[in-house]
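In what follows, a structure is listed as structure tokens, so that the remarks can point back to it.
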2 protein chains.
Amino acid sequence: MMQPTRKDEIIKTAAKLFKEKGYSAVTMRDLATAMGMKAASLYNHISSKQEILKIIIISIAEDFTQGIDVIYNSESNNLGKLSQVIELHVKIATNNTYGMASLNNDWMHLEGQLDYYLSLRNKYEATFLNIIKDGIASSEIKAVNPEIIMFTMLSTLRSLFLWIPKKEDLNANDLANSLSRILIQGINK
Amino acid sequence: MMQPTRKDEIIKTAAKLFKEKGYSAVTMRDLATAMGMKAASLYNHISSKQEILKIIIISIAEDFTQGIDVIYNSESNNLGKLSQVIELHVKIATNNTYGMASLNNDWMHLEGQLDYYLSLRNKYEATFLNIIKDGIASSEIKAVNPEIIMFTMLSTLRSLFLWIPKKEDLNANDLANSLSRILIQGINK
DNA sequence: AGAGCAGACTAACAAGTGTTAGTTTTGAAT
DNA sequence: ATTCAAAACTAACACTTGTTAGTCTGCTCT
């Protein structure tokens with residue numbers, strides 16, 4: 001681990017503020033104050049507010065798309081793959097609680113990279129859906145509308161960033177296990 | 001049903017714009033353009049941008065808090081109550097797709113009513129959690145961490161507004177039934 | 001000691017923000 | 001036709017926005 005550059009610190013601080021108020025409501029002066037400097041000084045490190053958003057969102061989106069590809073091509077059965085997807089989300093959300101907020105809420109404010117972001121998201125969802133469809137075809141998964149299954153799982157997983165900070169006592173493994181149990185086995189006894 | 005006043009139309013249009021870009025990124029001039037008028041004219045009908053947000057969010061939040069109270073005090077067993085909660089969310093999200101976006105994403109921009117909103121939300125979540133705890137105590141529900149169960153369900157239900165518009169072919173009853181099945185019974189066969 | 005430079009600063013800009021004041025248009029009721 | 005209020009308009013305001021230009025400070029390497 002290299003020590004973080006000043007640019008890294010700015011991006012991390014920005015992500016924290018974006019989580020609290022959203023990209024549009026955070027001004028460069030807010031960010032500067034949080035960094036203990038003046039707004040103009042930020043531009044010694046970054047080229048624009050937009051660049052900050054791009055760096056935050058795109059890197060995470062690429063992690064997801066790449067991660068699910070590895071899972072999809074692995075040897076597990078389909079329920080196993082879904083458990084791995086849950087682990088992937090828990091891991092990324094744990095390591096990047098602030099950035100996940102921007103990914104979820106501020107992707108529409110991407111200017112140059114909006115199309116690229118959407119292509120990553122579409123690819124991700126298509127692969128996710130394929131795992132579910134394969135699981136239905138192989139009778140591992142109930143024959144419910146696969147899009148509703150994906151929606152249910154994805155809504156939960158995408159909201160993890162909201163809950164993880166409140167449950168610091170819960171470690172990542174326990175959380176992933178509980179989620180797998182609930183999402184896959186259901187809650188009824 | 002009375003015909004909508006001009007104020008109603010402004011609020012509805014605002015909610016639509018807020019869903020697309022968020023409260024902070026929508027300007028009064030954006031809203032005016034969408035209404036086919038000039039920004040200053042909006043103030044013949046509303047007193048501030050903030051008032052619009054308040055009206056959108058508080059009315060829905062009150063619907064939820066009131067709705068879950070009725071369910072909690074009903075005679076069903078606890079799994080039945082959870083199914084009713086799912087129906088409540090599907091119903092409100094169907095009737096108010098745009099407003100749900102603000103409720104989820106822009107509540108922190110409430111100025112005068114933030115405390116009131118948070119009290120409604122806390123009350124709602126406390127009641128939800130009570131249903132789950134009662135269900136575990138009565139052996140209807142698996143003895144998993146009740147907060148994780150609530151988190152899973154609530155994440156899905158709060159995200160409904162994102163998916164409902166894409167699935168117009170799906171009626172509210174079918175959706176509620178599928179969700180109940182997935183969330184309560186799980187997805188494995 | 002001095003050079004060089006990363007990284008802070010002050011000052012300012014053009015454009016955009018929510019909102020107000022005052023005026024004109026519109027359309028229904030008398 | 002006149003009245004009158006609802007609801008549109010124009011013009012302007014004070015403030016905030018992201019960003020640039022130019023300058024000063026302080027550390028590191030010779």
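Values in this document were obtained by computation on a predicted structure and should not be read as measured data. Below, read A as the first sequence line, B as the second, and so on, with proteins coming before strands; counting in each chain starts at 1.
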Report summary line: Nearest-nucleotide check on DNA chain D, A:Y43 vs B:G36; residue mapping nearer the 5' end is B:G36
Query raised in the report: Going by the angle between their ring planes, with limits at 30° and 60°, are B:W163 and A:F151 parallel, tilted or perpendicular?
Result: tilted
Query raised in the report: Which part of the nucleic acid does A:T27 contact within heavy-atom distance under 4.0 Å: base, sugar-phosphate only, or nothing?
Result: sugar-phosphate
Between the protein and nucleotides 4-6 of chain D, which nitrogen or oxygen pairs are less than 3.5 angstrom apart?
none

Requested in this report: Identify, with sequence neighbours excluded, every residue that meets side chain to side chain contact (heavy atoms under 4.5 Å, CB included) alongside A:L88.
Outcome: A:F64, A:I71, A:I92
**Report entry** For the student: nearest non-hydrogen atoms of A:I56 and A:G99, plus distance
**Finding:** CG2-CA, 3.7 Å
Requested in this report: Look up atom CG in A:D106 and atom OG in A:S24, then write down how far apart they are to the nearest 0.5 Å.
Outcome: 6.0 Å
Query raised in the report: With a distance cut-off below 6.0 Å to the six-membered ring centre and an angular limit of 45° from the axis, does A:K49 pair with A:Y43 as a cation-pi contact?
Result: no
Query raised in the report: Taking the six-membered ring of B:F128, is NZ or CZ of B:K133 closer than 6.0 Å to its centre and within 45° of its axis?
Result: no
Query raised in the report: Under 4.0 angstrom, heavy atoms only, what part of the nucleic acid is B:R6 near: base, sugar-phosphate, or nothing?
Result: sugar-phosphate
Query raised in the report: What closest approach, in Å, do A:F161 and A:N105 show between heavy atoms, and which atom pair accounts for it?
Result: CZ-ND2, 4.2 Å
**Report entry** Outermost nucleotides of DNA chain C that come under 4.0 Å of a non-hydrogen atom of chain B
**Finding:** C:dT17 to C:dA21
Requested in this report: To the nearest Å, give me how far apart NZ (A:K38) and P (D:dT25) are.
Outcome: 15 Å
**Report entry** Along DNA chain C (nearest heavy atom to each residue), the more 5'-positioned of B:N44 and B:K49
**Finding:** B:K49
